[in-house]
2 protein chains.
Amino acid sequence: MTSVTSEPGAAPTRRSADGRRRVIDAALAQFAEYGVEGTSLQMIADAMGVTKAAVYYHFKTKDEIVLAVVRPALEQLRVILADAEAQRGQSARARAFLTGFVRLVVGERELLTLLYDDVAVIRTLRVHWPDFEDFERRIPLVLAAPDAGPGHQVAAAVAITGIVAAAGSPQFTTLSDDELEGHLLDAGLRLLTARRRPGRH
Amino acid sequence: MTSVTSEPGAAPTRRSADGRRRVIDAALAQFAEYGVEGTSLQMIADAMGVTKAAVYYHFKTKDEIVLAVVRPALEQLRVILADAEAQRGQSARARAFLTGFVRLVVGERELLTLLYDDVAVIRTLRVHWPDFEDFERRIPLVLAAPDAGPGHQVAAAVAITGIVAAAGSPQFTTLSDDELEGHLLDAGLRLLTARRRPGRH
DNA sequence: GTCTATATAAAGATAGAC
DNA sequence: GTCTATCTTTATATAGAC
């Protein structure tokens with residue numbers, strides 16, 4: 001299972017991609033349990049069975065590890081968002097985003113929880129990830145038209161944040177991915193579906 | 001403004017309640033912005049304009065500060081939960097909890113976000129707050145009957161976690177408390193209202 | 001690629017003066 | 001009630017041997 005380091009045609013990086021992967025996997029597990037600020041390089045190294053210096057061979061700083069951990073989720077989010085925005089019609093865009101987002105969340109529960117709940121991750125992204133604030137602007141827009149009124153905006157916010165948190169909850173580990181995905185999608189659609197409230201305004 | 005320390009009939013604590021309050025307020029502000037692990041005693045002291053040692057006069061450990069910050073929210077949650085459980089009928093119980101919970105969340109946005117998002121807070125509570133795991137069991141139960149099927153459980157989880165996160169979002173700071181409360185309640189009700197899925201798509 | 005050893009800073013926490 | 005000063009531990013990070 002070891003030493004496929006730098007085969008020609010494989011990973012284009014100088015440092016072996018496999019070494020980085022092992023750090024990233026160990027880091028994600030620790031981050032998910034203790035949070036980024038609650039995880040030291042020592043803890044990551046211990047989880048890998050190596051020393052801190054070995055970890056620093058692969059990444060120069062802790063921030064770089066955070067970025068590397070979170071990068072794949074953001075890349076997928078970028079694609080899902082762009083695809084949704086390309087749809088014709090507001091409700092088609094919202095539905096397209098929701099569908100892709102739910103699939104991403106179920107596939108990467110720990111990662112998305114980290115992305116949405118960990119203030120340290122969000123701070124790091126705002127500083128080092130150029131497109132992040134873009135996402136924060138565009139996601140509400142793809143889910144609800146700006147002129148649809150605050151009720152729709154609030155419902156959309158409840159939907160995406162609730163979906164992430166519910167997917168990450170230990171309560172639903174017994175459900176299959178497909179089942180969970182179906183229920184989350186259902187909940188999301190209920191929130192996004194425009195319905196005039198009978199009693200108000 | 002100062003030195004009302006230990007008036008007879010006032011706070012029953014030896015250390016002045018006012019001094020504790022100032023620590024708690026400063027700590028909450030820092031915790032909300034940087035997370036518990038990302039906040040040092042030094043940062044709290046700086047925010048108060050005093051030294052670390054002055055903070056340690058009021059609280060023996062950082063954990064004690066965390067508990068004190070979070071205590072009022074948990075006390076309110078305890079009452080809301082007990083009142084809801086006392087209602088007759090599952091749907092009355094769910095609605096009662098949702099109503100109280102939304103009001104609590106809107107009134108204490110920072111605090112509830114901390115309670116739901118910060119892994120360090122949750123770990124501290126699981127260790128030092130006897131009733132916390134009780135809450136974690138009872139809240140899902142008051143919102144959805146255990147035999148109602150996983151779809152209802154998931155919807156309920158989306159509702160409460162989404163409500164907390166949406167209320168804490170900077171997106172809605174322009175809304176009045178009453179407006180936000182109304183929209184959150186509306187979103188929550190949409191999720192809790194039992195509806196057979198009519199086989200959409 | 002991993003190690004030992006170390007530099008430097010900051011963390012939580014305490015002692016004792018005022 | 002707040003201060004200065006200090007202790008101890010741990011944090012991020014680097015240098016250089018193997």
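Just so it is clear: chains get the letters A, B, ... in the order the sequence lines come, proteins before strands, and each one is counted from 1.
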Trainee: Could you check if a side-chain atom of His183(A) sits within less than 4.5 angstrom of a side-chain atom of Phe172(A), using non-hydrogen atoms only?
Mentor: no
Trainee: Which pairs with one or both residues in residues 72-101 of chain B pass salt bridge (Lys or Arg N to Asp or Glu O under 4.0 Å), sequence neighbours excluded?
Mentor: Glu75(B)-Arg78(B), Arg78(B)-Asp131(B), Glu85(B)-Arg138(B)
Trainee: Tyr57(B) side chain N/O closer than 4.0 Å to the phosphate oxygens (OP1, OP2) of dT2(D)?
Mentor: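 No, no such contact exists.
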Trainee: Rounded to whole Å, please give me the gap between OH in Tyr34(A) and P in dT10(D).
Mentor: 15 Å
Trainee: Generate the contact string for nucleotides 3-16 of chain C. Rules: B means base contact, S means sugar-phosphate contact only, - means no protein heavy atom under 4.0 Å.
Mentor: BB------SBBBB-
Trainee: Could you walk me through whether Ile122(B) and Leu115(B) pass the side chain to side chain contact (heavy atoms under 4.5 Å, CB included) check?
Mentor: CA-CA 7 Å; Ile122(B) 292 164; Leu115(B) 195 57; over 6 Å; no
Trainee: Passes side chain to side chain contact (heavy atoms under 4.5 Å, CB included), Val164(A) versus Phe101(A)? Steps please.
Mentor: CA-CA 9 Å; Val164(A) 173; Phe101(A) 187 72; 3.6 Å; yes
Trainee: Please state whether the phosphate of dG1(C), meaning OP1 or OP2, lies under 4.0 angstrom from any side-chain nitrogen or oxygen of Arg20(A).
Mentor: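 Arg20(A) to dG1(C) OP1/OP2: no side-chain N or O under 4.0 Å.
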Trainee: May I have the distance from Met48(B) (atom CE) to dG1(D) (atom P), rounded to whole angstrom?
Mentor: 11 Å
Trainee: Restricting to pairs with a member in residues 39-49 of chain A, which pass side chain to side chain donor-acceptor pair (under 3.5 Å), not counting sequence neighbours?
Mentor: Gln42(A)-Asp46(A)
Trainee: Could you go through Ile65(A) and Val55(A), starting from their C-alpha distance and side-chain angles, then the distance that decides it, and tell me whether this counts as side chain to side chain contact (heavy atoms under 4.5 Å, CB included)?
Mentor: CA-CA 10 Å; Ile65(A) 300 177; Val55(A) 176; 3.9 Å; yes
Trainee: What is the distance, to the nearest angstrom, from the CD1 atom on Ile44(B) to the C1' atom on dT2(D)?
Mentor: 17 Å
